[in-house]
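I have placed the structure first, in the form of structure tokens, so that the comments after it can refer back to it.
Numbered from 1 within each chain, the chains take letters A, B, ... in sequence-line order. The figures that follow rest on heavy atoms only: side chains count, while hydrogens, waters and symmetry mates do not. None of the values given here were measured: they were computed from a predicted structure.
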Amino acid sequence: MSETTTAAETAAPHRYTAALAADIETRWQDFWEKQGTYEAPNPGDGDLGGGPEAVAKPKKFIMDMFPYPSGSGLHVGHPLGYIATDVVARFHRMTGHNVLHTLGFDAFGLPAEQYAVQTGTHPRVSTEANMVAMKAQLRRLGLGHDQRRSFATIDPDYYRWTQWIFLQIFNSWYDAEAQRARPIAELVEEFESGRRHTPQDRAPWRELDAAERADLLGEYRLAYASEAPVNWCPGLGTVLANEEVTAEGRSERGNFPVFKAKLRQWNMRITAYAERLLDDLDGLDWPEAIKLQQRNWIGRSEGARIDFPVHTAAPGAGAGTGAGERGPADESITVFTTRQDTLFGATYMVLAPEHELVDRIVPSAWPEATHEVWTGGHGTPAEAVAAYRAQAAAKSDVERQAEAKDKSGVFTGAYATNPVSGEPVPVFVADYVLMGYGTGAIMAVPAHDHRDFDFARAFELPMRCVVEPSDGRGTDPAAWDDAFVSYDASIVNSAGPRIALDGLDVERAKEKITAWLEAQGVGAGTVNYRLRDWLFSRQRYWGEPFPIVYDEEGIAHALPEDMLPLELPEVDDYSPRTFAADDGDTSPETPLSRNEEWVNVTLDLGLGDGPRKYRRETNTMPNWAGSCWYELRYLDPRNDRVLVDPTVERYWMGPREGMPSGGVDLYVGGSEHAVLHLLYARFWSKVLFDLGHVSSVEPFHKLFNQGMIQAYVYRDSRGIAVSAAEVEERDGAYYHQGEKVSRLLGKMGKSLKNAVTPDEIFAEYGADTLRLYEMAMGPLDVSRPWDPRAVVGQYRLLQRLWRNVVDEADGELRITDGEPDEATLRALHKTIDGVRQDLAGLRFNTAIAKVTELNNHVTKQHQVPRSVAEGLVLLIAPLAPHVAEELWHKLGHETSVVYEDFPVADPAYVVDETVTCVVQVKGKVRARLEVAPSITEAELEATALSAPSVVAALGGAEIRKVIVRAPKLVNIVPA
RNA sequence: GCCGGGUUGAUGGAAUGGGCAGACAUGAUCGACUCAAAAUCGAUUGCCCGAGAGGGCGUGCGGGUUCGAAUCCCGCACCCGGCACCA
């Protein structure tokens, strides 16, 4: 192989080979870097400023989701999106735009910390080494990044501003009336002046001490600390995000058990923005699937809150305290329901096990004649409830899900009153009601809710049909197999002395009952969201430290801005303390807490009380923090005065025509971030907007999700993956070292032994071939398998293009200065027209097919006219920039092809002189006619009807109908 | 279970305001060049019948609308993704 290849190269010294490609590519990469070719000027004359002239052009901000600098190196799947944005960025540069395109690193995170624990290397050391290696690999692809704007989230100059934004959020509250965040100082001022009263359960502001005031403000702050159940993994010694826990309730890394533990944690009040996060989706140019996922995640439900008075047990109440003889109502259970129209059908209630009201309503003894199924065999309600709560708490998520069909629960012994019927309804505790949703309490309407139906069957509870089934099953729920839940029906059995809903449809009944509840003061129409607040702290070393200290009373204080960045301290041991994996009764010890010198400090926070002792917060931020705002820092990466200069921000991201919310012009990344990163970043963007720091309400105007590059996985008879590179194909079967192996499609990666690295492709074909192949494989948004054999197709395209311009023997130009013939001219302009549209629409695969077609057309000609050669070079320049730059210079140009104008099609040549008209008889093609595009319908019909093959096909049959779509089609329908 | 998205030659994929199905590429077969091979160039390549001209069938399956359906509608199967007792 090597001998013959060498011979071929000797025969054609100027052939486009991998070696020549490597020479061309590295040469131009060095040139571009030296020239600063991809540096985009900012407005103004500050840092990166290019003066007024430089920014007179329209602009585009093209962005990738930035990578985590993994130590295992890149495979060819990783850069797919980066190549796509690079092509788009290059296309826009050639259409006269000022293009901002760069790439940073999301470098905080667990892998570096765990690697550090294993090897003793500081995470910064390994992370920075990884970034250097990754930058080199990405540079070799020819990505046109503005290197001046690149940064990593671990740079103190960057996380200084992450911490600053955290403090902005900490020092803000959401004014629900004004629908926006406001500084917390304004809330304090309102309390102090008496314009705003403290909530009903609090004393007036002036009577509160410092700790009480801090507590109260904590209930308003957009970043707040609270006790919350988290995923605690003793085996790893850290809490984990939900997405880091497997469906089996174990850690994704290490496969250790995960426990729910209540710990004081930082949260972000993202729920305050639920409505805006939902509404603003409408104006975004995002894939509908992603918008839908966010809508579902936010989970807006319209319904009503309804209060059910509940009678707590009178002191000394024992057996004989039945439903009929209760004291006055002194508590009420508030439920959220989306089916307030079925209130007459509410025959029992359920509280979540963790509901705080449970303890207060439990009587000392069971009411007389309580059904044994309800008591669970326990002697008193308190015992029963305690036992049930313990049992529910011990259940893992998996168990809960598995048992979802078999409803469990227990009677509390208490009764509430249905506010519309006045009937007593028993109150249960059951874990099918979740504390985290709605009010943690429900009214159960078993006839019209699947879960309530199952529960009622298990506990022999009464059911009442209040929505007339439209499917003929009758109105006796006892005879049903399942609840009737349709909205398309009318209300029955819902008339009382105070209100009647019978005969109304569901919607009308909702309106009527809601108005009644509001008039009675026992409920109100309301909107509920599924979205929860965002757990924002982790017990890890490798993350942003919180710029928070606690005074001796335990009150949290923000560090003043001039103390930022608060840098990560050195520690002897950055591993969190680990425990026996199955010991859930342990609690985490944060790595930062071990550095006592760092934790215990004396500071003057500027509060007017001089230097005092404080303890630092020892949690760190989750790795989402750095990616929540990085688009802004690309704009003004070295500004040490503000996170981004307002003029610069407005220029690149501000609201503009068709984009009233502003944002990045194009953001490309994987769909796995649909509801996490993309929701968090939108939230931060809105807070920064409310506080006046940015002009864009939304961070990313257009979002595009690239698919995954998959690869074949070969497994031997034991099911173990074998090296894909060593597999041979014979007669449609696959063999590894003589043994037959099976083939399946899977992810590309080291563990499946099927990774293909960019370096391998560079060595065999060059970067331009890799870029073209990845773009030609198929539409960007679908996943497709990497086919090692097919890469050569794009290599051949570049070789043919090269040969059309350069003589392989002597390296001289072999183009002519003559005019192209008519057919070539039309082919050229049609290609220009098509490629322009395809690139603008991110349809790289069809753009490449069109360029290939044109190139194949000119390959068949003996010589290529200069205008066509230059057209081809410009058309392919965004896709294969190195070979384009080389050919452009060989064609005698002095300036870089990067800023050449992309060709514009001449409309006169885009339309064909003649078009092929298809003549169908009964829908089958019987003739093709070459006709002028301007042919009239009548002419075309006459021509078609006289075509010999048409006459033959008709066989003299009478014609019933002729459909003419000039100039493309005639369809003749015989009788 | 619910909600999305998908299913086109041996393979990746083209073509959807309904109008020539299979662009472009890979692979395969044949030919030219070569002592030979590689590379390159040329031809063929959806399936079936036919020596050929030609004909029939064909976009997961079954129906429907239409002069005409890969494209629209109804039902079904399978695959991928998301959510998962959300009241």
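Among the nucleotides B:U26, B:C24, B:C20, the one closest to the side chain of A:Arg928 is B:C20. Among the nucleotides B:A15, B:C3, B:C41, the one closest to the side chain of A:Arg800 is B:C41. Checking B:C67, B:C83, B:A87 against the side-chain heavy atoms of A:Trp297 singles out B:C83 as nearest. Of the listed nucleotides (B:U26, B:U40, B:A15), B:U26 has the atom at the smallest distance from the side chain of A:Val792. The listed nucleotides are B:C20, B:A87, B:C24; the one nearest the side chain of A:Glu853 is B:C24. Taking every side-chain heavy atom of A:Arg803 into account, B:U40 is the closest of B:G42, B:A87, B:U40. In the set B:A23, B:A14, B:G42, B:A23 carries the atom at the smallest distance from any side-chain atom of A:Ala849. You'll find that the side chain of A:Ser301 is closest to B:A87, out of B:G4, B:A87, B:G13. Taking only side-chain atoms of A:Arg965, from C-beta outward, the nucleotide of B:G4, B:C41, B:C67 with the closest atom is B:C67. Of all nucleotides listed (B:A87, B:C3, B:G12), B:G12 comes nearest to the side chain of A:Arg784.
B:A77: Watson-Crick or G-U partner is B:U7, with both key distances under 3.5 Å. Both distances falling under 3.5 Å, in either a Watson-Crick or a G-U wobble arrangement, occur for no nucleotide opposite B:G22. Pair check for B:A43 finds B:U29; Watson-Crick or G-U wobble, both atom distances under 3.5 Å. Of all nucleotides present, only B:G64 satisfies the Watson-Crick or G-U wobble test against B:C72, with each distance under 3.5 Å. Across all strands shown, B:U34 has no partner, as no Watson-Crick or G-U wobble contact with both distances under 3.5 Å is found. B:G50: no Watson-Crick or G-U partner with both key distances under 3.5 Å is found in any strand. Pairing for B:C83 is with B:G1, a Watson-Crick or G-U wobble pair whose two hydrogen-bonding atom distances lie under 3.5 Å.
When the C1' atom is used for both B:G63 and B:U11, the distance is 32 Å, rounded to whole Å. When the C1' atom is compared between B:U40 and B:C79, the two are found 42 Å apart, to the nearest whole Å. Taking the P atoms as reference points, B:C76 lies 31 Å from B:A21, given to the whole Å. Between B:U45 and B:A38, the two C1' atoms lie 23 Å apart (nearest whole Å). Comparing the P positions of B:G68 and B:G18 gives a spacing of 16 Å, expressed to the nearest Å. Nucleotides B:U44 and B:C24 have their P atoms positioned 12 Å apart, rounded to a whole Å. With both ends at atom C1', the span from B:A70 to B:G60 equals 12 Å, rounded to whole Å. Nucleotides B:U8 and B:G22 have their C1' atoms positioned 8 Å apart, rounded to a whole Å.
Taking side-chain N and O atoms only, A:Asn528 has no distance below 4.0 Å to OP1 or OP2 of B:A87. Dashed line: the shortest gap from a side-chain N or O of A:Arg530 to OP1 or OP2 of B:A84 is under 4.0 Å. Residue A:Arg796 places none of its side-chain N or O atoms closer than 4.0 Å to OP1 or OP2 of B:A39. OP1 or OP2 of B:C67 sits under 4.0 Å from a side-chain N or O of A:Lys961. Distances shown here put a side-chain N or O of A:Asn856 below 4.0 Å from the OP1 or OP2 atom of B:A25. When the side-chain nitrogen and oxygen atoms of A:Arg926 are compared with OP1 and OP2 of B:G55, one or more of them lie within a distance under 4.0 Å. Between A:Ser671 and B:G82 there is no side-chain polar atom (N or O) within less than 4.0 angstrom of OP1 or OP2.
The aromatic rings of A:Tyr437 and A:Phe336 lie perpendicular to each other, with more than 60° between the two planes, well past the 30° mark.
Heavy atoms of A:Ala776 sit nowhere under 4.0 angstrom from any nucleic acid atom. A:Asn845 comes within 4.0 angstrom of sugar-phosphate atoms only, judged by non-hydrogen atoms across all strands, and of no base. At the heavy-atom level, A:Lys291 lies nowhere under 4.0 Å from the strands shown. Here A:Ser783 lies in heavy-atom contact (under 4.0 Å) with sugar-phosphate atoms only. Among the heavy atoms of the strands lying under 4.0 Å from A:Gln920 is at least one base atom, whether or not backbone atoms are also near. Across all strands, A:Val973 comes closer than 4.0 Å only to sugar-phosphate atoms, never to a base (heavy-atom distances). Contacts of A:Val851 with the nucleic acid, taken as non-hydrogen atoms under 4.0 Å apart, are absent. Within 4.0 Å of A:Ala790, counting heavy atoms only, lie sugar-phosphate atoms of the nucleic acid but no base atom. Within the 4.0 angstrom heavy-atom criterion, base atoms lie near A:Leu434. As judged by a 4.0 angstrom heavy-atom cut-off over every strand, A:Arg295 is placed among residues making no nucleic acid contact. A:Arg789 comes within contact range of the sugar-phosphate backbone alone, with a heavy-atom separation under 4.0 Å but no base atom that close. If you check every strand for non-hydrogen atoms under 4.0 Å, A:Lys407 touches a base.
In the model, A:Gln340 has a side-chain atom that pairs as donor or acceptor with a side-chain atom of A:Thr514 under 3.5 Å. No donor-acceptor contact under 3.5 angstrom links the side chains of A:Ser301 and A:Asn528, judged on distance only. Between the side chains of A:Glu853 and A:Thr831, no donor-acceptor pair of N or O atoms lies under 3.5 Å. In the model, A:Asp482 has a side-chain atom that pairs as donor or acceptor with a side-chain atom of A:His450 under 3.5 Å.
The only option from A:Trp786, A:Phe844, A:Tyr765 that meets the ring pair (Phe, Tyr, Trp, His ring centres under 6.0 Å) definition with A:Tyr773 turns out to be A:Trp786. Checking A:Phe308, A:Phe459, A:Phe453, A:Phe455 one by one against A:Tyr348, the ring pair (Phe, Tyr, Trp, His ring centres under 6.0 Å) holds for a single residue, A:Phe455.
When the P atom of B:A25 is taken as reference, atom CG of A:Leu801 falls 14 Å away, rounded to whole Å. Taking atom CZ on A:Arg960 and atom P on B:C67, their separation rounds to 7 Å, with Å as the unit. Note: OH (A:Tyr773) to C1' (B:C24) measures 13 Å, nearest angstrom. Between the OH atom of A:Tyr16 and the P atom of B:U40 there is a distance of 14 Å, given to the nearest Å. Straight-line distance from the CG atom of A:Leu797 to the C1' atom of B:U40: 15 Å, rounded to whole Å. Distance, A:His862 NE2 to B:G42 C1': 13 Å, rounded to whole Å. Here B:G68 presents its P atom at 21 Å from NZ of A:Lys968, a figure rounded to the nearest Å.
With a 6.0 Å cutoff to the six-membered ring centre and a 45° limit on the axis angle, A:Arg743 counts as a cation-pi contact of A:Tyr712.
For the atom pair CD1 of A:Ile513 and OG1 of A:Thr337, the computed distance is 11.0 Å after rounding to the nearest 0.5 Å.
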